[in-house]
Amino acid sequence: MLITLRRIVQEVQTASNLDEALAIMVRRVKEVLLADACAVYLLEEESRQYVLMAADGLNPSLIGQVRLDRSEGLVGWVGECQELINLKNAAVHPRGRSPPETGAAGYHAFLGVPLIDYRQTLGVLVAWRRAEGLFDPEEAAFIVTLAARLAKVIHDAAAMKKVTRLLDGEAPGSAFIQGIQGAPGVAIGTIALLDPLADLASIPDRPVRDGAAEEAAFKAAVATVQEELRASGERLAADLPSEARALFDVYVMLLGSHSLMADTLERIRAGNSAPGAWRDTIAEHARAFERMEDPYLRARVEDIRDIGRRVLIPLQAEVKASRQYPERCILVGEAVGITEIVAVPGDRLAGVVSQHGSALSHAAVLARALGIPAVVGLAALPIGRLAGREAMVDGDQGRVYLHPSPAVVAAYQLRASETDALSARLEALCAGPAETPDGVRVPLQVNAGLIAELAPALAHGGEGIGLFRTEFAFMARETFPAEDEQYLFYRTVLESFAPKPVTLRTLDVGGDKILPYYPMEEDNPCLGCRGIRFTLDHPEIFLIQLRAMLRADAGLHNLQVLFPMIGRVDEVDESLGLLTRAYRELVAEGQAVAKPRVGAMIEVPSAVYLATALAKRVDFLSVGTNDLTQYLLAVDRNNAAVTTPYDSLHPAVLHAVRHVIEEAHRQGKPVGVCGELAGDPAGALLLLGMGADALSMNLTSLARVKWTIRRFTTHQARALLEEALALEDGFAIHRLLDGALEEAGLGRLVLTR
Ligand code: PEP
Ligand code: MG
């Protein structure tokens, strides 16, 4: 059964459109179940009726014609109760009105199963036999498994059909593609796709005029990578076990191997470009390794691919440098990352659309920080067909319009001006400090990661930088930045805010923050070599950063150093040890450096329970509610499928944050909050009730949070907190806070869901 199941799923997945996929499905199910007829009904969004979409064994002219109300007949029943129904004789069942509605006259045995994706019934799959009798349990189990596997495929194919109609001009002018809100605002512009050269498999063929130049470029790229590998191997020689060191030698050897070189040169001489020729050579060798019997040799296929990607970086550097972006660029891709966003010149980037990801992906966090509207998590996107098209990105409602009609644009312009007016009113109300009516001040700071964010953060009254994500500057590059380069960068950041505090977080890569020049292939990157684990594994990289930070602070004294992803006390101890070492080195070199204030991030559940021990070791704690929510609730912050369970107002998250604040205060240490919860008026209100000492947020959240703080007394905030903590589920907490904020007059702009 398993093999049959796999084959059917594969066949359906390779179908070029929804109709073909459904036709394959009914034909194959009918065969496997030895049924006399099989059909799929899909629930139509607009009419809320089941429409017969594909059938085998029924009159084909009924396809597209038969429509059943949601609660009509056996099909409606299966959809309603969302479970399998197996009937010996449908004709005698009170809901068994088969003919003529279903077109299944003369059939008796009935097996129906719902197609459910993310709790939503998409349709019903049905099989009939003429003879009376139940389908056997194995057949029932088979159809349940198949339906569960295919529901997602059908959902995506249906979404793709909708988008294709839109692209072909067959949909109404107001039609849009629905995704998830990534960053607020509306933008109209021209679509540019992610760099198509980033992935070896997607390198296009390009005929060449100057074969000799192409050969030279290829040889130079290989030499560069060999040199890099040799240098890395030597640099790490002392820290790496011998097997790991040997890997560097294997790579250098593989790269220089006659067959890889000769095959590629031959392809270039035959007329292809160096990247195209390299793509084919790598593909051929990868196939050869994949076919090998020996598991060790078979596993080397990943090394071959890795080498392929590495050589591609220098090879495409020139092409990348000459890349042009449209004036109002809507950047679109399967998985848009921080690196790609940062690569677009700031004055050209108008919007971002990423098929994968969620509102908490770092690309969305960055888009919010930059004030760039973004939509993420779209079920289907024929990316290849989108380049150069006009599009409108509605980050407020998570919609993407292709060639929006003038009426749609006009409606949006009206809404945008209303929103601007409301924001202006909020800003005007907030000219004063963030102080509660009973006189408690809560410093509101800004989260940033780019130089361009600093001036607006200051202009809008940011009382410091509560979180500077230094990793962003590490991403849009081709090597780790040198110490002097980092020094100049941090100096600019610190100077622009001095004497206000600036919290520079040490490199936090891993998870969805990937360095193009240091790919980490991990099965579960969010639980892998992330944040402080990475920097402690690489003291040579960590020390350069710490030295650059200390040097940048000379004479300013507004630096605070923050360690990310702390989960154990020894990680803080070791990090502090390296910071002291960097300090001593600089003092010995005669530099006028000072010891900065140091903080630990609380974003891993173990750190919550170590709050006391951690608070004893550092000057302050900073709660990262984005990752804390992810790890505490076991919900991936990047997965669009789990945006509902991902909730920072979940009672478990709130109890954890309160615990941290109480424990740190017992040790006399302040606690800031720098996750997205701090920028949400509902979250800010609860954090005020908990006694958080500072809130750090995206610039765009500053005005509404300040408004909230100025509107509620600490007594009211504490009372709301107690009420919220007495509730057992997040939805009730959302309702409670939405009510309180609406009553206070903040209205629809701050509804928490
Ligand atoms: C957090 O996890 O809450 C946080 C602020 O860090 P980042 O979003 O960069 O992971
Ligand atoms: Mg984090």
Side-chain angles (χ1 to χ4, degrees), residues 182-183 337-339 341-342 357-370 374 376 444-450 453 464-475 502-515 525-535 560-567 571 599-608 620-639 646-650 653-654 656-657 660-661 671-680 683-684 687 692 694-699 701 705:
I338 295 166
T339 317
I341 293 180
V342 180
S358 77
L360 261 296
S361 302
H362 282 94
V365 169
L366 179 61
R368 280 201 290 282
L370 293 173
V376 296
L444 297 192
Q445 302 174 327
V446 176
N447 291 349
L450 304 174
E453 294 175 79
I465 298 286
L467 169 66
F468 193 89
R469 293 179 165 102
T470 59
E471 56 276 6
F472 289 1
F474 278 66
M475 293 174 132
V502 171
T503 313
L504 295 183
R505 180 172 71 184
T506 60
L507 187 62
D508 181 19
V509 288
D512 66 337
K513 289 185 279 196
I514 299 152
L515 298 174
C526 281
L527 299 182
C529 194
R530 269 202 73 176
I532 204 71
R533 289 182 202 148
F534 176 81
T535 40
Q560 308 198 118
V561 175
L562 181 61
F563 298 129
M565 299 294 296
I566 295 294
E571 288 167 342
M601 281 196 78
I602 307 291
E603 48 185 348
V604 175
S606 60
V608 171
F620 66 96
L621 298 181
S622 181
V623 185
T625 51
N626 306 340
D627 277 314
L628 186 59
T629 304
Q630 156 164 275
Y631 294 118
L632 206 53
L633 305 185
V635 187
D636 183 352
R637 64 190 272 183
N638 296 307
N639 185 345
Y646 183 98
D647 182 11
S648 295
L649 288 181
H650 186 291
V653 179
L654 298 179
V657 178
V660 170
I661 294 177
V671 182
V673 179
C674 63
E676 298 287 305
L677 186 68
D680 167 10
L687 295 169
L695 302 178
S696 192
M697 63 204 71
N698 289 319
L699 183 57
S701 303
V705 169

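If you read the sequence from its start, that first residue is 1, and numbering goes on from there. Remember, it's a predicted structure, so these values are computed and weren't measured experimentally. Order of listing sets the numbers, starting from 1, for every ligand and every atom in it.
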Here the gap from Thr625 atom OG1 to Gln630 atom CD, rounded to the nearest 0.5 Å, amounts to 12.0 Å
Between Asn626 (side chain only) and Gly675 (backbone N and O only), is there a donor and an acceptor less than 3.5 Å apart?
no
Shortest heavy-atom approach to atom 8 (O) of ligand 1 - which of Glu603, Arg637, Lys513
Arg637
Is a donor on one side and an acceptor on the other found under 3.5 Å between the side chain of Arg637 and the backbone of Thr629?
no
Does ligand 1 have a heavy atom under 4.0 Å from the side chain of Glu676, from its backbone, from both, or from neither?
neither
Has Tyr631 got a side-chain atom pairing as donor or acceptor with Cys526's backbone, closer than 3.5 angstrom?
yes
Among the N/O/S atoms of Glu603, which is closest to the Mg ion (ligand 2)? Give the atom name.
OE1
Please determine if Glu471 has a nitrogen or oxygen closer than 3.5 Å to a nitrogen or oxygen of ligand 1.
no
Check each heavy atom of Arg505 against ligand 1 and say whether those closer than 4.0 Å belong to the side chain, the backbone, both or neither.
side chain
At the 4.0 Å heavy-atom cut-off, does Val365 count as touching ligand 1?
no
Please walk me through it: do Gln560 and Thr503 pass side-chain hydrogen bond (donor to acceptor under 3.5 Å, both in side chains)?
CA-CA 4 Å; Gln560 308 198 118; Thr503 313; 3.1 Å; yes
Would a distance-only check, ignoring hydrogens and angles, find a side-chain to backbone donor-acceptor pair under 3.5 Å from Thr470 to Arg505?
yes
Would you say Asp508 has an N, O or S atom lying under 2.8 Å from the Mg ion (ligand 2)?
no
Ranked by distance from atom 7 (P) of ligand 1, the top protein heavy atom is His362 NE2, 3.2 Å
In Asp627, what N, O or S atom is nearest to the Mg ion (ligand 2), if we give its atom name?
OD2
For ligand 1, which atoms sit closer than 4.0 Å to a heavy atom of Leu467?
5 (C)
Under 3.5 Å, is there a donor-acceptor pair between the side chain of Glu471 and the main chain of Leu507?
no
